[in-house]
Structure formats: structure tokens, C-alpha cells
S.K.: 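I'd like to ask some things about the structure below.
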2 protein chains.
Amino acid sequence: MTRPQTSAERTLAALRELIMGGDLAPGARLGEVELADRLGVSRTPVREALSRLAAEGLVEVVPNRGARVATWTVAELEGVFDLRSVLEPQLTAHAVPRARPADVEELDALARRMHEVGAPGPDQDLDALVPLNRAFHDRLVALAAHPALAAALAAAIHPPIVRRNFLTYDEASLRRSLAHHSEIVAALRAGDPAWARAVMTSHIANARAVMVRAARLQMTATAIRQEETA
Amino acid sequence: MTRPQTSAERTLAALRELIMGGDLAPGARLGEVELADRLGVSRTPVREALSRLAAEGLVEVVPNRGARVATWTVAELEGVFDLRSVLEPQLTAHAVPRARPADVEELDALARRMHEVGAPGPDQDLDALVPLNRAFHDRLVALAAHPALAAALAAAIHPPIVRRNFLTYDEASLRRSLAHHSEIVAALRAGDPAWARAVMTSHIANARAVMVRAARLQMTATAIRQEETA
DNA sequence: CCTCGTCGGATTGCATGCAAAGTAGGGGTT
DNA sequence: AACCCCTACTTTGCATGCAATCCGACGAGG
């Protein structure tokens, strides 16, 4: 992992983490001076980072009125999963013939680690699952070696809730999700693209069900809160 | 078409046009002061524009070494068309039930206009085809009303050659391309998503053949030029 | 003759200052 | 009492200045 050299890139990464991690809620105002102070840089790199995040769709900028964390509707979220259900299985199939034994072992290690920290019990640590999951999927993207597909996927996924957390998974869905990772490793080991593609399709469908449900709950919650304040 | 209010957005649009239009060749160096002088602004909006174009993949930035227009290999170009051949037909099918009669008429007008300026003869104007083609496809994207799909497509297509020009079309391919537009209009009018999807699939396949051939020629040309100078 | 180190010019990265757009609040008028 | 306008404050947008980095060239040493 190469650490970004420039202040602007560090700012970009920091902001992305703040948004993806949920420290900045959707719709939250992003004042330039406030962020600059918080991150210990001047407004210039902050502006650059905000601009790039806007290009990625993570924040929304209105001229002369500043930036806010992007919001999204349930319909948009479902659209994202429509796309993922096409692109990620395709990408996974692409990765199969390119995976070397060392790559498979690495993915296997990640999948096993996820089983450990995700297993119900006193040692369960759902927060630890997030980086492992990202590492797993990012590794697959890299293996596929298909820049255009990777770019399209990145553009589609950026709405942040998608990657955010596993706290919303019920136990059965979580168990399925973890099993899928292991099964993808098995398909890679067997060199069977169709198998890998099928598992990834299930994986996305499972995630879709969880996320859409969570989004619906969150939306009704905020709607109620707005009614109360009004 | 709303004109951008801020200097940075105008700069962004201007640079995009310079690159997409081919005035700045792939690999060309993009000095900040040079561009600032050329566009009559200071370096700040230029930096912001370059940063965003980098996020889009149109330019490549190396820290402390400046920006260049992005380059791409034939393999990457083929990857882009792989994606388009999945995404655009899907998007077109999506657009069918949402197209209102007025929308269909608008697309029909664009298709007819393309036939006029694209027909062989003294009035042929291939340059005029470019904006019409963009308008046609952008209209379809808007009709589909699928933000995630649009974002993914935009991310995938950005390698500029894809949209650049029709100068490389041989006569038969050009005739096919124009006919496809009309046939898409017909499918929309008939309300037949499967038909529209099929035509768009052919349309992309046709474009792919032309573009890959052109890219191969261009690559060998530059290779030869490099040999000569070496 | 080739390699390595150093110096000068050019360019980027970032901070800061100033002007313009926007927002909120109070006072006056109808 | 409701509405509008005007003023003061906040925030963004852009230009500019300075320090740090990088590239090329020249010269010394092997």
C-alpha cells in the first residue's frame, strides 16, 4: 500500500473514508474552512478533493453554495445493484483464468479471516469485516485486469452506503455472504468461470436484499424525524 | 443547454472538448501555465479541471510531473467495447417504455439529420455527424433514467477516441451506423425493448470493428514515426 | 568512453488574500 | 400583521506568491 505523497491526495483519501465510514452523513454540509482545519491543510487541497469527489458522485456541489455529501434514493440504490449484478459476475469470470495459485491462496486467507471475525460469538467483530470485504473484492477487480470494467464498476458503486458496513446484515444473510466468498475461492481453484460467475451473482443478490431493506428503514426513520421537527 | 457559470467549469468543458475533439493528442503534455494562458484564466481553475479530468480518466497526472492526455492500448479499447456491448443495449431497452411520442420524434429528427449530412456526395459533412451522434446517444441515456447505468457508461466510454469522429468509418460501416439509428427509432415507436436492444448490440459491434481497426492503424503509424525519429 | 554527482531552470503543490455571490436578520412600509 | 428591501456577515471562487520537487546539462571521476 503506497501512501499518497501529496497533501491533496491525503485529503481526498481522508474525506472518502469519512464519508464511506459514515462519519459524515448523507446531506451533511462540507464547509471548506471547516474541513481544512479538521485535516490540517489549507483550503486549496480541500477544494481539489471535493472537486474530485464530486466527479465520482460522492458529493454534490452547487456553485457558490458549497458541497454536501451526496444523497440517494431507494430507486437509485436498486439501480446500482442492477448494474453490479451484471458487472461483478462478468468481472469474476474474467478473473478466473488469470488467478495464479498465490492469488487464490491470498483470497482464501481473506475468506477464512472473514469467517473468523464474522462468526457469531464473543469474538465477532463486524467492523473488521469491512476492510476484509473490500480487500477481497478489490483483489478480484485487480485479477480481472479489465480497466474499463473496473472503471464502470467503481463509478456505479460509489454511492457510499453500498460498501459501508455489515451491521445491517441479519445472521442468515451474513452467513450466506461469508460462504459465498469461500465458494468463489473454490471456483477459482477449480478454474471454472461459470461457477464463479454464478456465485457472484448470488452474492450480489443477497447483498441487494439486505441493502434495500436497510435503506427503506433508514428512509422511513429520517422521514419520521423530519415530521417530528416540523 | 445551460452555460456553466464558474470559470472552473468552463475550463473543464473547454479542456474536455479539446481532448475529445482531438486538438490535444493522446500523450500531449498539459502544462498548467500554458493552458491557463490559452484559456484566459489563472492556474487555479486549470488545476481543478485537470484534477477532475484525471478522476474521469481522460488525463493522467503524475505528482510533481504534471498532466498528460491519457493514452490507451488496443486491448483497453476492446475492453471498452466489451462493456458498451453489455451496457448500451441494456440501457436502450430501458429507454423504450419511457419514451414519449415527443421523445421519439426528437430522436427521429436527429436520425434523419444524420442521414442528410452523412449521405455520400458534395454535401457530406462528417464533422457535423459527431455532435448529432452524441445528441442521439445522450438522449437515449437520459430517457433510460438510470443514473447508475449512465455513470458506469460514462466512466467506461471516456477514453476519447470512442466518441471522436466518423472520419475512420468506411462507407459500408457508416451506412450501417446511420441505418441503426433509424431502426432504433422504429423499435422505440413499436415499443419493443428486445428489438431496440438487438439493434443497439449490432450498432456497438459495428462501431467496435471500425474503431479497433483505426486504433491498430494509428498505433502502427506512431510506431513507425518513432522508429524514424530514433 | 561511460557513469555519477551537482547546479540551474522550469514546473508543480500549497497557502493566503481579495472580490463576488449568497444568506440571514432587522427595520421600514403598506 | 405580512411583505419587502437593505445591510452585515459568511462562504465560495479565483489570482498570485513562495517553497519544494523534478528534469536536463555540464563537469569530474573512474
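Keep in mind that this is a model prediction, so the values were computed, not measured. Note: hydrogens, waters and symmetry copies are ignored here, and every other heavy atom, side chains too, is used.
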S.K.: Of A:S7 and A:N64, whose nearest nucleotide on DNA chain C comes first from the 5' end?
M.R.: A:S7
S.K.: Is a side-chain N or O of B:R68 found less than 3.5 angstrom from the main chain of B:G27, in a donor-acceptor match?
M.R.: yes
S.K.: Quick one: side-chain contact (heavy atoms from CB on, under 4.5 Å) partners of B:S173, sequence neighbours excluded?
M.R.: B:Y169, B:D170, B:R176, B:N206, B:V210
S.K.: Do NZ/NE/NH1/NH2 and the carboxylate oxygens of A:E17 and A:R10 come within less than 4.0 Å?
M.R.: no
S.K.: Counting only non-hydrogen atoms, which of residues 40-51 of chain A are less than 4.0 Å from DNA chain D?
M.R.: A:R43, A:R47
S.K.: Are A:H146 and A:V141 close enough that some pair of their side-chain heavy atoms sits under 4.5 Å apart?
M.R.: no
S.K.: Would you list the pairs meeting side-chain hydrogen bond (donor to acceptor under 3.5 Å, both in side chains) in which at least one residue belongs to residues 34-44 of chain B, sequence neighbours left out?
M.R.: B:E32-B:R43
S.K.: Hey, where on DNA chain D does chain A first and last touch, going 5' to 3'? Cut-off is any atom under 4.0 Å from a heavy atom.
M.R.: D:dT11 to D:dG13
S.K.: Could you pull out the protein-nucleic contacts involving nucleotides 7-9 of chain C (nitrogen or oxygen on both sides, under 3.5 Å)?
M.R.:
none

S.K.: Going by the rule salt bridge (Lys or Arg N to Asp or Glu O under 4.0 Å), which residues pair with A:R98 if we only count those two or more places apart in sequence or in a different chain?
M.R.: none
S.K.: Measure from the side-chain N and O atoms of B:S51 to the backbone N and O of B:R47, and report whether any donor-acceptor pair falls under 3.5 Å.
M.R.: no
S.K.: Heavy atoms only: give me the nearest A:A148-B:L83 pair and the separation to one decimal.
M.R.: O-CD1, 3.2 Å
S.K.: Does the A:D103 side chain pair with the main chain of A:R100, one donor and one acceptor, at a distance under 3.5 Å?
M.R.: yes
S.K.: Identify the two heavy atoms, one from A:T71 and one from A:E76, that lie closest to each other, and give their separation to 0.1 Å.
M.R.: O-OE1, 4.1 Å
S.K.: Starting at CZ of A:R68 and ending at P of C:dT23, how long is that distance when rounded to a whole Å?
M.R.: 11 Å
S.K.: Name the residue closer to the 5' end of DNA chain C, choosing between B:P63 and A:P63 according to the nucleotide with the nearest heavy atom.
M.R.: B:P63
